[in-house]
Amino acid sequence: CLSTTVKTNPPGKPGPPAWLKVSATAANFIELSWKAPIDHGGASVTAYNIWRRAPDSPASSSECVGTVIGRDVNSGHDKDVLEWKDTDVKEGEQYVYQVSSVHLPDASMARTKSQSELVEELRKKASNSLLAVDEDVNEGPLCEEVVGKAVTQLKAPRLGDSEPHILLQAFDWESCHNKN
């Protein structure tokens, strides 16, 4: 029987998350959704950092405003639905968002019993929202940016509303022509 020893390198930096989009808006929130990066860097993505800045400010002024856990803490599987809701917005204001992928060592995940404990673990290791361990290895690049605006969407009229509504109706003028 042959015996072979294989030594692997630690996981590399994950790629940027894919398909970031503004999935919903209202006067008091902006909701983002995205997909996992195509290149995981050799390990599952543990978390995602959400970065935000004003549209007229430089990219270097972005600040980390949230963290989303990338794995289900009960099953250990990567999450299929990756989304985050920004509730710290002002009505009518625009915001620029980007997301980055983060690796945490599997030992941290093994000791973590719940999602809140994992978030706490991330915060303990954080220094200005960046992991205190070597950032170049653990946090991947930012994805393409999206712009969201905190606005209320058009509300459909409901029976009994006391608010005035403007109703628009489309009409196909071509349907009026006699084709004979």
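Quick note: residue numbers are just sequence positions, from 1.
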| field | Remaining members of the apolar cluster that contains V151, side-chain heavy atoms under 4.5 Å | value |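 None, because no other hydrophobic side chain comes under 4.5 Å of this residue.
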
| Connected hydrophobic set around V147, excluding itself, where side chains approach under 4.5 Å |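 Answer for V147: V96.
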
| field | Y97: ring-ring contact (aromatic ring centres under 6.0 Å, His included) partners, not counting sequence neighbours | value |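 With sequence neighbours excluded, Y97 shows a ring-ring contact (aromatic ring centres under 6.0 Å, His included) to no residue whatsoever.
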
| task | Could you list the residues that satisfy salt bridge (charged side-chain N to carboxylate O under 4.0 Å, His left out) with E145, not counting sequence neighbours? | result |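 R53.
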
| When you look at CD of E83, are more than 12 heavy atoms from neighbouring residues, nucleotides or ligands closer to it than 6.0 Å? |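 Correct, the count exceeds 12.
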
Can you tell me how far apart [atom1] ([X]) and [atom2] ([Y]) are? Round to the nearest 0.5 Å.
| X | Y | atom1 | atom2 | result |
| --- | --- | --- | --- | --- |
| L32 | R52 | CG | CZ | 10.5 Å |
| D56 | Q94 | CG | CD | 9.5 Å |
| S101 | K13 | OG | NZ | 11.5 Å |

| With side chains defined as the heavy atoms from C-beta onward, is the minimum distance between V102 and T46 less than 4.5 Å? |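 Counting from C-beta outward, V102 and T46 never come under 4.5 Å.
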
| query | Can you find a pair of side-chain heavy atoms, one from C64 and one from I50, that are under 4.5 Å apart? | reply |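 The answer is no; the side chains never approach within 4.5 Å.
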
| request: Sequence neighbours left out, what passes side-chain contact (heavy atoms from CB on, under 4.5 Å) with L82? Give chain and number order. | output: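 Checked L82 against side-chain contact (heavy atoms from CB on, under 4.5 Å); matches are W34, A36, Y48, K79.
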
| task | Mind checking side-chain contact (heavy atoms from CB on, under 4.5 Å) for D39 and listing every partner two or more places apart, or none if nothing turns up? | result |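 For D39, no residue satisfies side-chain contact (heavy atoms from CB on, under 4.5 Å) once neighbours in sequence are set aside.
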
| request: Return the set of residues passing side chain to side chain donor-acceptor pair (under 3.5 Å) with S61 (not counting sequence neighbours), or none when no residue passes. | output: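 S61 satisfies side chain to side chain donor-acceptor pair (under 3.5 Å) with S57 only.
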
| request: Using side chain to side chain donor-acceptor pair (under 3.5 Å) as the criterion, list what pairs up with S100, not counting sequence neighbours. | output: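 For S100 the side chain to side chain donor-acceptor pair (under 3.5 Å) partners, ignoring immediate neighbours, are W51, E139.
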
| said: Looking at every non-hydrogen atom in both residues, tell me the closest pair between L20 and Q98 and how far apart they are. | reply: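 Closest approach of L20 to Q98: CD2-CA, 3.9 Å.
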
| Which atom names give the shortest non-hydrogen contact between P141 and P14, and what distance separates them? |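 In terms of heavy atoms, the two residues are closest at CD-O, 3.3 Å.
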
| Given D78 and D80, is the side chain to side chain contact (heavy atoms under 4.5 Å, CB included) satisfied, shown in steps? | CA-CA 6 Å; D78 293 343; D80 293 329; 6.0 Å; no

| What residue pairs, at least two apart or across chains, pass salt bridge (Lys or Arg N to Asp or Glu O under 4.0 Å) with a residue in residues 90-100? |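 Sorted pair list comes back empty.
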
Name each donor-acceptor pair under 3.5 Å that joins a side chain in residues 21-31 to protein atoms two or more places apart or in another chain, with its distance.
residue	atom	partner	partner atom	Å
S23	OG	E31	O	3.3
S23	OG	E31	OE2	3.4
T25	OG1	Q153	NE2	2.6

